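Just so it is clear: chains get the letters A, B, ... in the order the sequence lines come, proteins before strands, and each one is counted from 1. Every value quoted in this text rests on a predicted model; they were computed, and no experiment measured them.
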Amino acid sequence: MSWFATLDNLAFGLERRTKEWICFLRYETGPLACHPDARDYSLPDTVTRAARSSPEPFVRCTFIARPKLARSEFVPEKFFSSEDSHRSGLSVFLVPFFSVGTVASAQPLPCLQWIYEDYIEISGRSSDATPAVHTGGALFSDLRSFDDVLKIAEHSKAGANELSISDEPDSVTPAAWTFNQSAESVRKMIDHLQSGMRRGNYYLANATTRVSGPARRSGDVSLYSFVKEWLRSPVRQGVFVGCGQELPAVCCFSPERFILRRGAFVQTEPIKGTAPVLAGEPDSGVSVLWSSEKEMSEQRLVTDLLRNDLNRVCRAGTVTVTSPCEVHAANSLLQMQSVVTGELADPNISHARLLGELLPAGSVSGTPKRAVSREISVIEESPRGYYTGVFACEGSQGELDSAVLIRGFFADEKQWTAGIGAGITTLSDPDAEVREFELKWRSFAQRWQRLTGVCAPDAEQGRGVKK
Amino acid sequence: MNSHPRILFVDHADSFSDNLIAALQARGCPVDRILSLPAPEGENLSLPPHIAALWSARAYQALVLSPGPLIPESYPFTKRLLDEWPEERPVLGVCLGHQMLLWRDGYTLGLVADRPVHGRLENIESVNPSRWLKDFVDGGFAAFYNSWAVHVSQMGSESGAGTWRLLSRSGDFAALAEHKTRPRIGVQYHPESFSSCRGAVLLDAFVALMQGAALD
């Protein structure tokens with residue numbers, strides 16, 4: 001991790017240049033184990049071949065400064081159908097969860113598109129001495145190489161060690177996070193979904209609930225504290241949007257890529273199924289996953305679902321599961337994912353249109369997508385907002401990478417919230433799922449404490465869920 | 001003989017319809033899709049003008065009924081289309097589509113399990129050779145995404161009274177079946193799933209059926 005250490009110092013140094021940031025962090029590991037059914041298949045331009053070719057993690061960090069809000073629409077259909085009118089910069093998209101085939105709710109959240117020119121991209125293997133650096137814009141014209149980046153980081157280091165995480169530690173009162181729904185109410189929602197499944201109305205439904213947090217203040221979560229927290233134990237994708245108080249804020253630690261698009265090729269990596277790793281026996285979890293009917297059938301389902309989404313935009317016959325059910329190590333867990341790749345029918349389709357065709361993300365809605373999305377909008381007690389939405393970022397090479405926004409903290413102008421969810425199938429045990437919600441929250445809530453340097457006593461004592 | 005038989009695809013708003021359509025298009029078949037929804041929306045649906053024109057001109061060589069939620073009774077528009085479909089032309093029903101074809105011909109559906117697992121892989125056992133799918137023998141593993149199916153006890157023996165012949169089974173339920181006198185195929189599993197071993201071969205055989213049966 002030779003240059004990782006410089007990244008949080010760099011973030012501190014960058015924050016001195018401006019307070020308006022979007023940051024996209026990616027940590028990719030090759031698979032721990034490939035399923036015996038995996039094919040030896042390579043497309044001419046396999047988008048993540050570089051990342052997968054070695055067991056060492058491949059990291060990409062994109063710091064975007066002072067992006068300009070280009071478009072916001074309240075109605076997703078209008079947002080995705082209008083043409084991209086700009087071509088002078090790169091695009092970033094923030095899209096809320098929206099229901100297919102239903103009328104927009106009373107106060108829909110906008111789909112947002114920013115255009116940016118000032119950025120730094122750093123990428124390479126965690127052990128590279130000199131990772132690749134791309135920069136753009138006036139703000140970073142002095143950065144040409146990793147040595148230049150190191151100079152900024154070194155320069156900031158002294159300052160970083162002295163300053164505490166929160167700008168105003170004394171004035172921030174301890175925050176109380178509370179679940180919006182009682183355990184009983186969550187249980188009822190799951191029961192409702194399962195009875196629909198037994199009748200064959202749908203097969204998989206992602207049920208979520210909300211946790212309400214403290215009032216939003218300026219500088220609650222800084223770029224520096226976000227990057228520091230992500231580096232502590234990197235997840236697949238980190239998303240930070242902190243561009244000004246009137247705009248939404250996002251601090252997300254997502255395990256799931258949505259799509260990766262480069263030129264005519266698009267790839268998606270649905271994840272489903274986690275298993276704990278037995279200490280000293282990393283392979284034990286692999287056979288547990290591959291021999292579990294529940295895990296394999298859910299993986300099969302999301303893989304066929306994502307194949308279907310890609311088939312909406314790809315040339316017939318090109319959508320392929322290049323690697324089904326591969327297992328990745330993610331901190332102390334094993335996670336199963338498939339890799340599905342296809343060739344776009346229209347290689348010139350804009351990023352926005354492509355997103356519009358594929359959203360909402362299959363893994364956070366369900367199957368059949370239309371029926372389940374409608375059901376979700378009816379039975380969930382509060383709108384999801386940007387939770388389970390998507391963040392998509394165009395990179396310096398013109399590729400589009402994107403993350404499903406789960407495991408994150410979200411704020412509107414007034415308040416922070418978080419979401420917790422689970423994929424419900426006929427095999428789910430409702431009581432276990434409700435307990436899982438609480439466990440997931442409790443473990444995730446610790447990130448908030450570190451992001452803000454604030455202790456949240458209610459969450460800590462487990463009084464989160466209202467009884 | 002028409003090597004590119006045109007297909008009318010009835011989509012029950014399923015999340016696997018595009019997989020099936022792509023699989024048919026990749027085999028050289030032009031596919032037109034129409035949406036069939038449950039009542040009340042489904043009651044008043046009709047073919048869009050450009051498709052209605054092709055329908056009247058008998059331009060569709062085959063009808064394909066997609067998987068979907070709910071049960072056959074839920075889709076009045078599909079039933080109307082089937083009522084008007086020329087008897088001598090092929091039909092393929094997948095999952096719900098399969099259930100639709102058998103239900104119309106008097107078979108009843110039962111729940112496959114108390115808590116059906118969607119996305120389960122099951123072993124397919126071949127039972128009878130097919131009259132319509134030349135040289136096709138079912139087998140291997142296939143992906144099932146269903147709660148309902150037709151119990152094999154209803155399919156009877158080859159000379160039984162029922163109008164459908166059982167081609168293969170998974171456990172006690174019909175996996176693949178065909179009409180005895182009309183080129184109608186029903187498959188309960190998902191041949192277009194990446195996990196269905198012989199799914200691609202089944203689709204090849206259905207396309208060959210369409211090509212051979214094409215008239216005009």
Discussion item. Side chains of A:Asp304 and B:Ser193: any donor to acceptor distance under 3.5 Å?
Written reply: yes
Okay, A:Ser428 and chain B: the region with an atom under 4.5 Å from a heavy atom over there is backbone
Against chain A, residues from residues 70-83 of chain B with at least one heavy atom under 4.5 Å, in numeric order, are B:Leu70
- Query: Is there a side-chain contact between A:Arg300 and B:Leu121, using heavy atoms and a 4.5 Å cut-off?
  - Reply: yes
Against chain A, residues from residues 16-30 of chain B with at least one heavy atom under 4.5 Å, in numeric order, are B:Phe16, B:Ser17, B:Asp18, B:Asn19, B:Ala22, B:Gln25, B:Ala26
The interface call for B:Leu111 against chain A, heavy-atom contacts under 4.5 Å, is side chain
Cut-off 4.5 Å, heavy atoms of chain B, and the answer for A:Thr367 is both
Most heavy-atom pairs under 4.5 Å with chain B, out of A:Leu310, A:Asn308, A:Val302, belong to A:Asn308
Closest heavy-atom pair, B:Gly68 versus A:Tyr203, reported as atoms and distance to 0.1 Å, is O-OH, 4.2 Å
Fill in: Side-chain heavy atoms of A:Tyr202 within contact of B:His118, under 4.5 Å
no
For B:Ser15 and A:Leu305, the nearest pair of non-hydrogen atoms, with its separation, is CB-CD1, 3.5 Å
B:Arg120 side chain to A:Ser297 side chain, donor-acceptor N/O pair below 3.5 angstrom
no
Honestly, the part of B:Leu109 sitting under 4.5 Å from a heavy atom of chain A is neither
Item to complete: Take B:Leu37 and A:Arg370 through the test side-chain contact (heavy atoms from CB on, under 4.5 Å) and record every step on the way to the result.
Response: CA-CA 11 Å; B:Leu37 296 172; A:Arg370 187 190 170 104; 4.2 Å; yes
